[in-house]
Amino acid sequence: MTTTPSDFIRDIIDADLASGKHSQVVTRFPPEPNGYMHIGHAKAVCLSFGLALQYKGRCNLRFDDTNPAKEDQEYVDSIAADIKWLGFDLGEGPLFASDYFDTMYEIAEKLIGEGKAYVCDLSDEQTREYRGSLQEAGKESPRRNQSPAENLDLFRKMRAGDFPDGSYVLRAKIDMAASNMKMRDPLLYRIRHDHHDRTGDTWPIYPMYDFAHPLEDALEGITHSLCTLEFENNRELYNWIVANSGLPGKPEQTEFARLALGYTIMSKRKLLQLVEQNLVSGWDDPRMPTIAGMRRRGYRAEAIVRFCDLIGVSKNNSTVDIGKLEYAVRDDLNSVAPRVMAVLEPIKLTITGYPEGKSESISAPYFPPDIGKPGERDLSFSNNLYIEASDFAETPTKGFRRLAPGRWIRLRHAYCVRCDEVIKDEAGKVVEVRCSYDPNSLGENGPAGEKVWGVIHWVDSKTSLAAEVRIYDRLFKSERPGAGDDFLDHLNPDSLSRYSAQVEASIGTAEADTKIRYQFERQGYFIEDNVDSKPGALVFNRTIGLRDSWVKSKTVTTSEAPEIKTAQSSRAATRPKSRTKADIRQSARKHDSALSERFARYQSEGLSEGDSDLLSGASEWGDRLEALVAAGLSFSDAAKWLINEQPREDDLPIEFASPVSEFPALLAALESRISSSKARKIWKELAQKKGSAEALIKAIEADRIDDGDSLAPIVAKIMSDNSDKVTTYRGGKEALFGFFVGQVMRAAKGKASAKLVKDVLLRMLNEKGDAQ
RNA sequence: UGGGGAGUCAUCCAAUGGCAGGAUAACCGGCUUUGAAUCGGUUUAUGGAGGUUCGAAUCCUCUCUCCCCAACCA
């Protein structure tokens, strides 16, 4: 159904497996049980559980229940149920962070003993104040250098419950001046005399996320700990905790972009608000983006999983078009939902020529031929039917392909009828249309010589069942309801409409397994509501409407108010510019006269100001430049290499040792003997393995195809293998030249010189073209 | 003393120095007893400016925009 996705996370895993860093993949999904799962969580679940499935590893569902104030058993149950429903295996059941509280406590004591953590009694306002700001370093707590013994004593008293909430905390002793705010002596434990759902009253202290989470991962042998982008800053602390925990596990955190969906709110806090203020009927209201809501609305797990495949995984902060979800849902339901008929806004259709009291049974398939599924039901037909009010127009507009006075239309699966008469109520509303019918039109045939304008659905008023049908529209009117001041302002007042519908009789007697979901033909996919529907009082939810190019063509430009970019957060607005690399180089020169001397000298040697700036920003650059020049290279060649071609040391392994002594030989060969890309390759090799540049250059030269005659057959083969592309190229698509170069290079295993390849290709591509 | 991330069709995701590709959306057409499905076709993108290279979305420099971090939340 779907191809195996590939993304940066899978790349990392593949590399870890290939290098032997890990032999299996263990992931985890760690929700806090403080709300129902929504589609955003589903993305994370599909990722972490999907990875476990794909790599035959394991994924733990672990509840991060470290804050007793907000958490509840109801949420634990619903989350576990939702994940199962999505189709993932919970193994031996969910795990709980609270099960590790003892171990976490021991590790905290160990940290205290090692002088890496201390008990602090600053109030929360003071703590914030002491933390400093984004621009300024923080201040150290007066308790920071307290002895381990004293800290241990205090911490044990915290644990014993001797102190009130908020009086003390345990903090890691890291660095109050760290540029990463998360590293400024983060809190590890706080005092909370709260009842915990699982541990009861045994703990008056609870670990903080940043302390607990890495320990949980390490304890469970998690290899790849995936979380959302906002935790990027926490990674440094995560690694600190893992490294100092003494635990053997070596989990690594990788962040990906959380899901944002248009017209949808994904904040648990805001969803809770909708529930608590009764703006929706509950967490499972079909308009909610929760798994429970979507399930009740009729989405199948398959559709949600498919959607998650469709949107991919990346680090881009993006908002997915809600249409993509709707597509996944329709596409899924199309092949599984039996077709039936239902009339949402009934008006009467009376067939004047059809005998009163007569009733016939028409068999109709549940699926159209292209679905290729068996099954059928019987439709009853009589002279009194209901049709959709919107399927009749007294004065049809252009393009209207439904019933109108004098027009023939087909009643789906049944006869063709012609409208002869329209009956209205006092208000002028059409309540009934009277039609004649063609008794010979039941099967394939239409009325002889008459145009049939279209096909409409109907139900037999004598057998049809009354049902309430609920149509859902998006909960919010604006694409980014969360962006403004109050998201409730964006609530769509028309997100729910109810219809007194008539549905065909077969729905009441259908087998249980066909009964779940239907397509009401020409309208959409529907599901019987699992809460409110009762025999005799049916209730259907519309899962999603069918694509409708008619409605779309009518609704000319919905002219939605253009989205206004929201003002950036006040914090972002006051954020000062940080120093650029250029600033840093400049200030380095200011403090080092040797550098500023170089800056001037390089320019006088003919380098541009920009190049001179780059090469005089730190002493090692100039050192290299001068080594090259001393070896006989011109300033400009040496500068070019250093700036543009020399591999960055960040890209190289730790053991990188700058092979400065090999510079001259390498660079001397650059123009005449090897290409810059080869030189770069050699450079990397030298950095890793040492050896001599000259030897490597010689090896390349010895191996090189350097005459056109031996290249020609390769080129000829590429050309005959890609004759279509040759034609396109000769037709003028010159972008393909790069393709040919690449193909030849690959075929020659990189042994051909690019210049030669280019020459030969150019000659052969054009020559033959002329010959033909 | 600030730091950490991200910029590719309208939207989401690819392209790991070598044909800018897929999906959704849109548009046109075929088929149709669902204005659905399906089939065929079309439109649309590398934030900007320089540089290196035979060849740059990819490497280098500068620049612009957006997101995250200063909860005893996770």
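In this structure, A:Lys182 reaches the bases: a heavy-atom distance under 4.0 Å links it to at least one base atom across the strands shown. Counting non-hydrogen atoms under 4.0 angstrom, A:Lys581 reaches the backbone sugars and phosphates but no base. No contact: A:Ile205 has no heavy atom under 4.0 Å from any strand. When heavy atoms are screened at a 4.0 angstrom cut-off, A:Met208 is found touching the sugar-phosphate backbone but no base atom. Base contact: A:Gly166 has a heavy atom under 4.0 Å from a base atom. Backbone-only engagement by A:Thr580 is indicated by non-hydrogen atom pairs under 4.0 Å involving sugar-phosphate atoms exclusively. No contact: A:Asp611 has no heavy atom under 4.0 Å from any strand. Counting non-hydrogen atoms under 4.0 angstrom, A:Ala212 reaches nothing in the nucleic acid. As judged by a 4.0 angstrom heavy-atom cut-off over every strand, A:Leu614 is placed among residues touching the sugar-phosphate backbone only.
Across the protein-nucleic acid pair, A:Asp194 atom CG and B:C72 atom P stand 16 Å apart, rounded to whole Å. Computed from coordinates, the A:Arg128 CZ to B:C73 P distance equals 11 Å when rounded to whole Å. For the pair A:Met181 CE and B:C69 P, the interatomic distance rounds to 11 Å; values are reported in whole Å. As rounded to whole Å, 15 Å separates atom C1' of B:G3 from atom CG of A:Leu237. If you measure from atom CG of A:Leu187 to atom P of B:A74, you get 11 Å, rounded to the nearest angstrom. As a whole-Å value, the separation of A:Tyr206 OH from B:C73 C1' is 15 Å. At whole-Å resolution of the value, CG in A:Leu229 and C1' in B:A6 are 8 Å apart. Rounded to whole Å, atom P of B:G4 lies 13 Å from atom CE of A:Met183.
Toward the 5′ end of RNA chain B lies the nearest nucleotide of A:Ser133, the other residue of the pair A:Ser133 and A:Asp210 mapping further downstream.
Aromatic rings of A:Phe381 and A:Trp458 (six-membered ring for Trp) have centroids within the 6.0 Å cut-off, being under it. Ring to ring, A:Tyr189 and A:Phe211 are close: their centroids are under 6.0 angstrom apart.
Nearest nucleotide to the side chain of A:Leu134, out of B:C69, B:C19, B:C73: B:C69. Here the nucleotide nearest the side chain of A:Arg192, chosen from B:A71, B:G18, B:C72, is B:C72. The nucleotide whose nearest atom lies closest to any side-chain atom of A:Val169 is, among B:G4, B:C72, B:C60, B:C72.
Within the 4.5 Å cutoff, no side-chain heavy atoms of A:Lys373 are placed close to those of A:Pro338. At least one side-chain heavy atom of A:Arg62 sits under 4.5 Å from a side-chain heavy atom of A:Glu216. Between A:Arg412 and A:Ile456 the shortest side-chain heavy-atom distance does not fall below 4.5 Å. Between A:Glu376 and A:Tyr366 the shortest side-chain heavy-atom distance does not fall below 4.5 Å. The shortest side-chain heavy-atom distance between A:Phe520 and A:Leu546 does not fall under the 4.5 Å cut-off.
Using bins of under 30°, 30° to 60° and over 60° for the plane-to-plane angle, the ring pair A:Tyr729/A:Phe737 lands in the tilted bin. Ring orientation note: the planes of A:Tyr209 and A:Phe231 are tilted relative to one another, at an angle of 30° to 60°.
Distance check on atom C1': B:C66 versus B:C28 gives 37 Å, rounded to whole Å. The C1' atoms of B:A45 and B:A14 are separated by 13 Å, rounded to the nearest whole Å. Separation of the P atoms belonging to B:G22 and B:U43 is 12 Å when rounded to the nearest angstrom. Remark: the separation of the C1' atoms in B:U65 and B:A25 is 25 Å, to the nearest Å. Spacing of P atoms, B:A15 relative to B:G47, comes out at 15 Å, to the nearest Å. B:C72 and B:G2 have their P atoms separated by 24 Å, given to the nearest Å. Distance noted for atom P between B:G50 and B:U58: 14 Å (whole Å). A gap of 36 Å separates the P atoms of B:U34 and B:G21, to the nearest Å.
The phosphate of B:A71 (OP1 or OP2) has no side-chain N or O of A:Arg269 nearer than 4.0 angstrom. Contact check, A:Arg258 against B:A74: no side-chain N or O comes under 4.0 Å of OP1 or OP2. For A:Arg235, no side-chain nitrogen or oxygen approaches OP1 or OP2 of B:C69 to under 4.0 Å. Under 4.0 angstrom from either OP1 or OP2 of B:G3 there lies no side-chain N or O belonging to A:Arg184. For A:Thr66, a side-chain nitrogen or oxygen approaches OP1 or OP2 of B:A74 to under 4.0 Å.
A:Ser123 and A:Gln126 form a side-chain donor-acceptor contact under 3.5 Å, judged by distance and modelled atom types alone. Side-chain atoms of A:Asn180 and A:Asn233 include no donor-acceptor pair closer than 3.5 Å. Under the 3.5 Å distance criterion, with hydrogens and angles disregarded, no donor-acceptor pair is assigned to the side chains of A:Tyr263 and A:Glu479. For the residue pair A:Thr127 / A:Asp124, no side-chain donor-acceptor distance below 3.5 Å is found, with atom types taken as modelled.
Under the side chain to side chain contact (heavy atoms under 4.5 Å, CB included) criterion, A:Ser179 pairs with no residue at all, not counting sequence neighbours.
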Atom pairs, protein N/O to nucleotides 41-46 of chain B N/O, distance under 3.5 Å:
none

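A donor and an acceptor atom sit less than 3.5 Å apart, one in the side chain of A:Asn233 and one in the base of B:C68. Within 3.5 Å, a donor on the side chain of A:Asn644 pairs with an acceptor on the base of B:G51, or the reverse.
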Determine whether A:Tyr118 and A:Ser141 satisfy the following criterion, side chain to side chain contact (heavy atoms under 4.5 Å, CB included), listing intermediate values before the conclusion.
CA-CA 10 Å; A:Tyr118 62 96; A:Ser141 159; 3.9 Å; yes
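Judged by the 6.0 Å distance and 45° axis criteria, A:Lys725 is positioned over the aromatic ring of A:Phe739.
Classification of B:A45 as anti follows from a glycosidic angle more than 90° from 0.
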Could you run down nucleotides 8-15 of chain B 5' to 3' and tag each one B, S or - for protein heavy-atom contact under 4.0 Å?
---SBSS-
The contact string for nucleotides 30-40 of chain B, one letter per nucleotide 5' to 3', using protein heavy atoms under 4.0 Å with B, S and - for base, sugar-phosphate only and none, comes out as ---BBBSB---
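Sorted by first and then second residue, the salt bridge (charged side-chain N to carboxylate O under 4.0 Å, His left out) pairs with a member in residues 315-327 of chain A read A:Glu232-A:Lys315, A:Glu255-A:Lys315; sequence neighbours excluded.
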Pairing pattern in dot-bracket form [Watson-Crick, G-U; both distances under 3.5 Å; | = partner strand] for RNA chain B
.((((((..((((....[..)))).(((((.......)))))....(((((..]....))))))))))).....
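A:Ser723 contributes no side-chain N or O that, together with a main-chain N or O of A:Met719, makes up a donor-acceptor pair within less than 3.5 Å.
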